[in-house]
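Below: one structure, written as structure tokens.
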2 protein chains.
Amino acid sequence: MKPFDTHTKLLDVAEKLFAKNGFKGTSLRVITQEAGVNLAAVNYHFGSKERLIREVFRRRVGPVNQRRLEKLDRIEEKANIEGRNPELREILDAFIEPPIQLMNHPSGKAIMRLFSRLIIESKKEIAELFIDQFAEVVERFLQAFHRALPQFSQSELSWKMHFMIGAMAHAMAEPFRLKFLSQGLCDPSDVQATITRLIDFCQAGFLAPVSNPDSAEEA
Amino acid sequence: MKPFDTHTKLLDVAEKLFAKNGFKGTSLRVITQEAGVNLAAVNYHFGSKERLIREVFRRRVGPVNQRRLEKLDRIEEKANIEGRNPELREILDAFIEPPIQLMNHPSGKAIMRLFSRLIIESKKEIAELFIDQFAEVVERFLQAFHRALPQFSQSELSWKMHFMIGAMAHAMAEPFRLKFLSQGLCDPSDVQATITRLIDFCQAGFLAPVSNPDSAEEA
DNA sequence: TACGAATTCAAACAAACGTTTGATTGAATT
DNA sequence: AATTCAATCAAACGTTTGTTTGAATTCGTA
């Protein structure tokens with residue numbers, strides 16, 4: 001296995017360009033050119049452009065969700081031993097920290113934008129990949145939230161999780177937007193600051209009582 | 001002015017298709033075909049595809065931001081008369097309600113997805129349009145937040161606003177994601193429920209104290 | 001060294017893209 | 001009735017797209 005074989009080189013370059021210009025906006029020609037390989041390499045190694053897209057995702061999403069579940073495992077184990085429920089803040093950290101931590105990765109910025117594109121992209125095949133990769137995570141964390149906040153129904157917690165995912169995705173995908181908002185005051189590349197503030201914000205959001213219990217669905 | 005002249009028909013159809021498949025993913029051929037007009041109509045009426053995109057945005061974003069500012073005006077006026085500062089919840093409502101209210105519009109779903117695409121899209125020209133349309137809104141609301149929450153610095157409020165925008169954009173663009181999260185329990189098309197819950201969540205987030213004041217930037 | 005499989009390569013493919021053209025229409029103006 | 005001009009149309013433009021092909025090359029292994 002060469003240090004920079006064509007296969008991984010393609011994944012790396014595609015990841016960067018997909019993040020920057022989207023999928024339709026990135027042609028196989030610029031990918032292969034920037035990677036310094038032949039145009040036909042994509043179809044040889046991956047079969048098609050769409051399968052390349054899926055591979056780019058799978059390589060990054062899997063490990064992050066794995067880390068989320070590992071952290072949640074450890075939290076629940078520890079809480080179990082101490083005979084208590086996991087604390088909300090611990091659960092939030094397990095959900096938020098692993099993806100944001102990608103900022104420290106060499107291609108962190110691209111990976112994070114890619115993550116948000118995965119959340120946002122509407123294409124059927126991508127949406128299916130999303131469900132595959134996140135079904136277990138969603139289930140486990142909703143469960144954890146419900147134990148930490150038994151006063152809220154499953155559906156209310158889904159709303160809160162919905163908002164949290166949005167805040168995360170936006171913070172990950174559009175760091176420069178924060179620069180614009182704050183007129184240069186804030187530094188979106190500060191990993192720990194981003195994580196801490198996200199958790200602060202979402203923790204309060206999760207704890208917030210719901211105004212109108214009338215239109216609440218069941219759980 | 002015919003009831004369905006080519007110009008508005010193109011804007012309507014383009015809006016719908018851009019929202020569903022993105023800009024690169026939507027060809028002029030499918031737009032004109034679905035609109036029942038000639039392929040050349042886009043270049044005749046708008047000059048180019050890119051200018052069509054900009055027109056599609058301008059038509060929707062302008063009025064919403066105008067409503068936001070009107071609501072903020074009224075809130076500040078009323079508070080001024082009563083000799084107090086506007087309340088956080090009022091400000092949040094002025095920022096959140098107008099765009100979410102679009103769900104009641106006939107093409108509400110498309111418009112909302114379009115809004116989020118505007119926030120997310122990285123293309124230079126779109127980003128500039130974003131800044132043009134939002135500069136005043138951002139400035140006015142940051143100011144208002146600062147008066148309502150003087151304990152937080154400008155930069156801390158920017159972080160919070162950053163997260164709020166993410167939660168909004170996600171809730172607007174990906175309502176079906178909430179269906180998935182809640183396994184069908186929640187109804188993302190309930191306008192008032194979405195607004196109320198968003199405000200609840202963000203209100204708490206704004207009020208939340210910041211954990212680590214060390215890495216805080218200045219204001 | 002020689003063989004077979006894996007990989008890379010230039011070249012070409014059909015299809016789809018945004019855009020332009022020049023003729024044609026149809027309603028308003030003179 | 002003649003003129004004008006905005007609007008629409010079919011057709012074609014030159015690129016760019018993802019994909020395929022078949023020969024050339026490289027590599028691991030015997």
Side-chain angles (χ1 to χ4, degrees), chain A residues 1-59 114 117 121-129, chain B residues 1-59 114 117 121-129:
Chain A
M1 184 76 68
K2 284 167 285 180
F4 290 111
D5 57 36
T6 303
H7 192 87
T8 51
K9 185 83 182 170
L10 278 173
L11 286 176
D12 290 342
V13 173
E15 173 175 276
K16 192 181 74 177
L17 294 177
F18 284 155
K20 191 190 298 190
N21 303 319
F23 311 115
K24 291 268 183 186
T26 307
S27 73
L28 295 186
R29 278 174 174 79
V30 308
I31 293 176
T32 50
Q33 188 171 327
E34 181 140 335
V37 304
N38 188 269
L39 168 60
V42 168
N43 284 275
Y44 175 78
H45 284 279
F46 300 94
S48 69
K49 183 183 183 182
E50 197 204 297
R51 276 210 279 263
L52 169 64
I53 297 177
R54 284 221 292 268
E55 255 334 289
V56 166
F57 275 131
R58 201 187 315 279
R59 183 171 67 142
L114 205 70
R117 283 204 189 272
E121 193 65 27
S122 54
K123 283 278 278 159
K124 262 280 173 55
E125 307 79 16
I126 308 293
E128 287 168 7
L129 176 64
Chain B
M1 182 78 69
K2 284 168 285 179
F4 289 113
D5 59 74
T6 303
H7 192 88
T8 50
K9 184 82 182 171
L10 277 174
L11 286 176
D12 290 342
V13 173
E15 173 175 276
K16 192 181 74 176
L17 294 178
F18 284 155
K20 192 190 295 192
N21 303 320
F23 312 116
K24 292 267 183 184
T26 307
S27 73
L28 296 187
R29 280 173 171 81
V30 309
I31 293 176
T32 51
Q33 188 171 330
E34 181 139 335
V37 303
N38 188 269
L39 169 60
V42 168
N43 284 275
Y44 176 78
H45 285 278
F46 298 94
S48 69
K49 183 183 183 180
E50 198 204 296
R51 277 211 279 263
L52 169 65
I53 296 177
R54 283 222 291 269
E55 259 329 294
V56 166
F57 275 131
R58 202 186 315 279
R59 182 171 69 142
L114 204 69
R117 283 205 190 271
E121 193 66 26
S122 55
K123 282 279 277 162
K124 261 279 173 56
E125 308 79 16
I126 308 292
E128 288 168 8
L129 176 64

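The analysis underlying the following values was restricted to heavy atoms, covering all of them including side chains, and did not include hydrogens, waters or symmetry mates. Reminder, nothing fancy here: chain letters follow the sequence lines and each chain counts from 1.
Between dT8(C) and Thr6(A), a contact under 4.0 Å exists linking OP1 or OP2 to a side-chain N or O. Remark: His45(B) is in phosphate contact with dT8(D), judged by side-chain N or O atoms under 4.0 Å from OP1 or OP2. At dA16(C), none of the side-chain N or O atoms of Ser27(B) fall inside 4.0 Å of OP1 or OP2 (strictly under the cut-off).
Spacing between atom CG of Leu17(B) and atom C1' of dG18(C) amounts to 16 Å, rounded to whole angstrom units. What separates CG of Leu28(B) from C1' of dT16(D) is a distance of 15 Å, to the nearest Å. Atoms CG (Asp5(A)) and C1' (dG28(D)) sit 16 Å apart, rounded to a whole Å. Between Ile31(A) atom CD1 and dT19(D) atom C1' there is a gap of 14 Å when expressed in whole angstrom units. The distance from atom NE2 of His7(A) to atom P of dA6(C) is 15 Å, rounded to the nearest whole Å. Spacing between atom CZ of Arg29(A) and atom P of dA15(C) amounts to 16 Å, rounded to whole angstrom units. Atom CG in Asn21(A) sits roughly 12 Å away from atom P in dT17(D) (whole-Å rounding). Rounded to a whole Å, the CD atom of Gln33(B) is 12 Å from the P atom of dA16(C).
Of the residues Asn38(B), Leu10(B), Thr6(B), the one that meets the side chain to side chain contact (heavy atoms under 4.5 Å, CB included) test with Thr32(B) is Leu10(B).
Out of dT19(D), dT19(C), dT8(D), the shortest distance to the side chain of Ser48(A) is found at dT19(D). The side chain of Ala40(B) sits closest to dC9(D) out of dC9(D), dT17(D), dT19(D). Of the listed nucleotides (dA10(C), dT17(D), dT19(C)), dT19(C) has the atom at the smallest distance from the side chain of Lys49(B). The side chain of Tyr44(B) has dT8(D) as its nearest neighbour among dT8(D), dA11(D), dT8(C). Minimum atom distance to the side chain of Leu39(A) is reached by dT19(D), of the listed dG18(C), dC9(C), dT19(D). The Asn43(A) side chain lies nearest to dT20(D) when the options are dT20(D), dT7(C), dC9(D).
Scanning both residues, Ser48(B) and Asn43(B), for their nearest heavy atoms gives CA-OD1, 3.8 Å. Across Phe46(B) and Arg51(B), no two heavy atoms sit closer than the pair O-NE, 3.0 Å. A pairwise comparison of heavy atoms in Phe18(B) and Leu114(B) identifies CB-CD1, 3.9 Å as the closest pair.
If you check every strand for non-hydrogen atoms under 4.0 Å, Thr26(B) touches sugar and phosphate atoms only.
For Arg54(B) and Glu50(B), the salt-bridge test passes: some basic side-chain N is under 4.0 Å from an acidic carboxylate O.
Remark: the Asn38(B) side chain and the dA7(D) base include no donor-acceptor N/O pair separated by less than 3.5 Å.
Toward the 5' end of DNA chain D, the nearer of the two residues Ala41(B) and Lys24(A), judged by each one's closest nucleotide, is Ala41(B).
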